[in-house]
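Notes follow the structure.
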Amino acid sequence: MIRIWTLMVVLTMAGVAAAQEARPLAENPQVEARLKVLAVELRCLVCQNQTLADSNAPLAEDLRREVREMIAKNMSDQDIINFLVERYGDFVLYRPPLRATTTVLWIGPFLLLAVAGTVLIMALRRRQKTLPDVVVSDADHERVVQLLSDGAKHP
Amino acid sequence: MKRFLLPLAIFLVMVGFLAVGLTLNPREVPSPLVGKAAPDFVLPQLHEADKVFSPKELTGKVWLLNFWASWCNGCKEEHPVLMELAKSGVVPIYGADYKDTREEALAWLRRWGNPYQLVAVDEAGRVGINYGVYGVPETYVIDKAGKIRYKQIGPVDQDVLDKKILPLVRELQNQ
Amino acid sequence: MIPEIGHFALILALCVAAVQGTVPIFGAASGNASFMAVAKPAARGQFLLVLIAFCCLGYAFADKDFSVLYVAANANSKLPLHYRLAAIWGAHEGSLLLWTFILTLWMMAVTLFSKHLPDAMRARILGVMGLVSLGFLLFMLTVSNPFERLIPAAPDGRDLNPLLQDPGMVMHPPMLYMGYVGFSVAFAFAIAALLGGNLDAAWARWSRPWTTVAWCFLTVGIALGSGWAYYELGWGGWWFWDPVENASFMPWLAGTALIHSLAVTDKRGGFKVWTVLLAILAFSLSLLGTFLVRSGVLTSVHAFATDPKRGLFILVFLAVVIGGSLLLYAWRAPRVGLGGGFDPVSREAMLLVNNVLLVVAMASVLLGTLYPLFLDALGLGKISVGPPYFDTVFVPLMTPALFLMGIGPLAQWKKASLPDLALRLRWAFGVSVATAVLLPVVLGKWTPLLSLGLLLALWIVTTAVVNIRERLTRLEGAGLVNRLASIPRSYWGMILAHCGIAVFIVGVTMVKGFETEQDVRMNVGDHATIGGYTFQFDGAKDLVGPNYIAARGTFRVTKDGHDVTVMYPEKRRYMVQSQTMTEAAIDSGLLRDLYVSLGEPLEAGAWSVRLYHKPFIDWIWGGCLIMAVGGVLAITDRRYRLAWRREQEVPVAASQPVEASIV
């Protein structure tokens, strides 16, 4: 009887012990959170179109380890990024830094928008001058309807 | 007429770039370390585990640092070229055994031959990271002042050796 | 024998394409009716021949004919039949065959639904398509022959890339290519109109349904690809701004601009020069996408078949087709008239502004995609342009476009009044702003982007409601039902497609704002809670699949003590290519996805596990689907159906599929 009791207690305890809250994989969740923010903007050099956060390549593991250690040493994000850039170049950065060579990349879209906007306004002005008000005439409309409906032959 | 030619002009410029792009390898990442001092390290030696190796010992010499591993296929590919080079004695080759086990590395060298003056063991791959290694084999040409002058990514083949590495080595040796 | 038949069919198709690409165009130029009449039978013949080739390759896969190099490289005797068939487009050669096949399918469609087109126009359209097809057939037969033999035959194949062994692979490429290649019709219409000098409203009306159909396919194709990446790559992401994704997104942006610009050309006769350029642009970007994916000039996670040697062929082809078209454009466009005038504040002007924004956005994607190549080619170093760049650039460009999307449909053609619009939209604006500011606070988290996303989505929906209400009150006649029924379908299609965008924005905003994830170590019996759901790990068992072995985990999910679902993520090892794949388990729902993927086995039956709670993520793809449905609704509009019914009365008309309504 006592043995059964003991067994039951042991089993219950085992049950309690087994059904526990899963532990986070990372030893230090704060470090991991910072790593994640950094790693999604870094490019893995081995499987080149994955971020350092997503990649399972051994080098990515090593680099994550390095970054974790640097975070633990309380280095700033910029220092950590500099560490990687010194070794692998700007290639590791998914957000290209603004330099002379990347000016066109960063300014380009907005410059293009400005140019396109200016051209658009000028074109609209010119258009208004040359074309006060020529609407698609009724005759044109008729012709469209006719073409679409009768299978009329177009020269 | 002129403004209607603009799309064509833009397109032709793009085609020019794409044509050049076809001749480039998008996976190859040039090292920012070329022209800078080779990162210093102290690593245990492969054959004599109780001894260490540091690149400082080679100041005043032109030498090659070759990252390799027994698990790497490209290393086997370049191995005969390195063996030939070692035999010629033009330039000393030092190896860095990257993320490997000592037994397997030694067995690999026994089986295929050892072109290295000396092999350092980079088991954790940290020295590799300092050198910006992202895939073995990678080979660095280091000058008398301890500066990296060239980095070969991927296997060294005869072509690269004859056209790039050896001329550079000779030039550096004569400085 | 069968592969040789396929090969021979391709050679014949090449000959037919050569005829189709020259004789009818020459006939149209010289007014020779019998030359023009060659176009139709040639296009149909070509379709039949490429279909034969396609079936032959399919047969070789079904039959496990490993004496065909392409089959041996992309299939294995243990690969299930449906994946063996999908393996037809699993690599370079077969993808090209699929491309060409779909091109001939579109040609076939043009021959079926072009009875009302003038003979010369039809001859030119089919001629242009024949020339495009000629290029692709030549490419296949010279450097990418899918029927090349392997002698001696391989005892077994190297298997399909495990990433591609997925239902997504069966549907995504055909849909995407239907979209890509579908733009060739609008392109051919544009070139034909430029050649013939009849760039008019009729041309725009003919082009519209074709463009819309292609756009619908492309929308669905991109959505499928994104959904596939979401569950197959195992990182829980749905868009990576990868070069290959961008390659499909750029034609979509250009195509979207084209649809809107065509509407103006059709209704008001304006923007002709611009519309024709967009038609060329949309298809050019499709070709460019093919080049980027196939040539290996850019690295990508998705490009599974690259070969720089072949890149040169496509580049030359690209230069000839696009360069030739743009030259023709530069030569002919100056003679095209301007069309109807309009005020700077009018529906035309707003559509034009939206067009500019879409094209600038497209150009930015192009710039970001090719910039690393530009720098590398100039010897200025290697850089990466990734999601942070595109997000930064894309959001400010699209925000005004989405805002205008609410106003445009309410503005009058020709001349609208801003004060009047402001008056009509004041409620929509007030409701949108108030909700967008308050809702995130209620949900427990406020960020500017969260509010902005919600604002834009709400704005699109509320303005649509205003639009519908105004339309109903304007209509005469009794009864709501009657009035609803009298609104044309194209209008409903537009409203629906716009609301699809809103749904999409809600999905993106909510996922970005509220998704949570956990990386945990789970012993058997452990539980973890995320987003209010508790996951209990019941251990992992070994499993043997047809061509892989796997460990399959069991996770019981509960919420507030109630059972929700049981999830089975897998970690598979594909034997032939010895590649490990993470098969995430996903429980989809209207308001959230639960996403579990197995990491690595740890000691004593424990695993590292990644859990995600992704609110509203299915709205992303749902929104795309709604957009596509809107497009389909638009092309079933009465005026297109009327045209089709009249065609039916023409005695020649044979039995035609539902697609008939598109012209």
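Chain letters run A, B, ... following the sequence lines, proteins first, then strands; residues in each count from 1. Since this is a predicted model, take the numbers as computed values, not measurements.
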Review point. So what's closer than 4.5 Å to chain C heavy atoms on B/Leu12: side chain, backbone, both or neither?
Key: neither
Exercise for review: Answer with side chain, backbone, both or neither: which region of C/Ile322 has an atom nearer than 4.5 Å to a non-hydrogen atom of chain B?
Suggested key: both
Review point. Can you tell if the side chain of B/Phe4 reaches within under 4.5 Å of the side chain of C/Leu326, non-hydrogen atoms only?
Key: no
Exercise for review: Can you tell which part of C/Ile280 gets under 4.5 Å to a heavy atom of chain B, answering side chain, backbone, both or neither?
Suggested key: neither
Exercise for review: With a 4.5 Å heavy-atom cut-off (strictly below), which parts of residues 360-375 of chain C touch chain B? List them by number.
Suggested key: C/Leu366, C/Leu370, C/Leu373, C/Phe374
Check your understanding: In Å, rounded to the nearest 0.5 Å, how long is the span from CG of C/Leu288 to CZ of B/Phe11?
Key -> 8.0 Å
Check your understanding: Is the CG atom of B/Asn73 crowded by more than 12 outside heavy atoms at less than 6.0 Å?
Key -> no
Check your understanding: Is C/Tyr329 close to B/Leu8 at the side-chain level, that is, under 4.5 Å between some pair of heavy atoms?
Key -> no
Exercise for review: Please examine the side chains of C/Asp376 and B/Val20, heavy atoms only from C-beta on, and report whether any two atoms are closer than 4.5 Å.
Suggested key: no
Check your understanding: Roughly how far apart are B/Leu18 CG and C/Leu312 CG, rounded to 0.5 Å?
Key -> 11.5 Å
Practice item. Inspect the surroundings of CD in B/Glu123 and state if more than 12 heavy atoms from other residues, nucleotides or ligands are less than 6.0 Å away. Key: no
Exercise for review: Step through the shown structure and confirm whether more than 12 heavy atoms of other residues, nucleotides or ligands are within 6.0 Å of CZ on C/Arg158.
Suggested key: no
Review point. Should the heavy atoms of other residues, nucleotides or ligands under 6.0 Å from NZ of B/Lys144 be counted, would the total exceed 12?
Key: yes
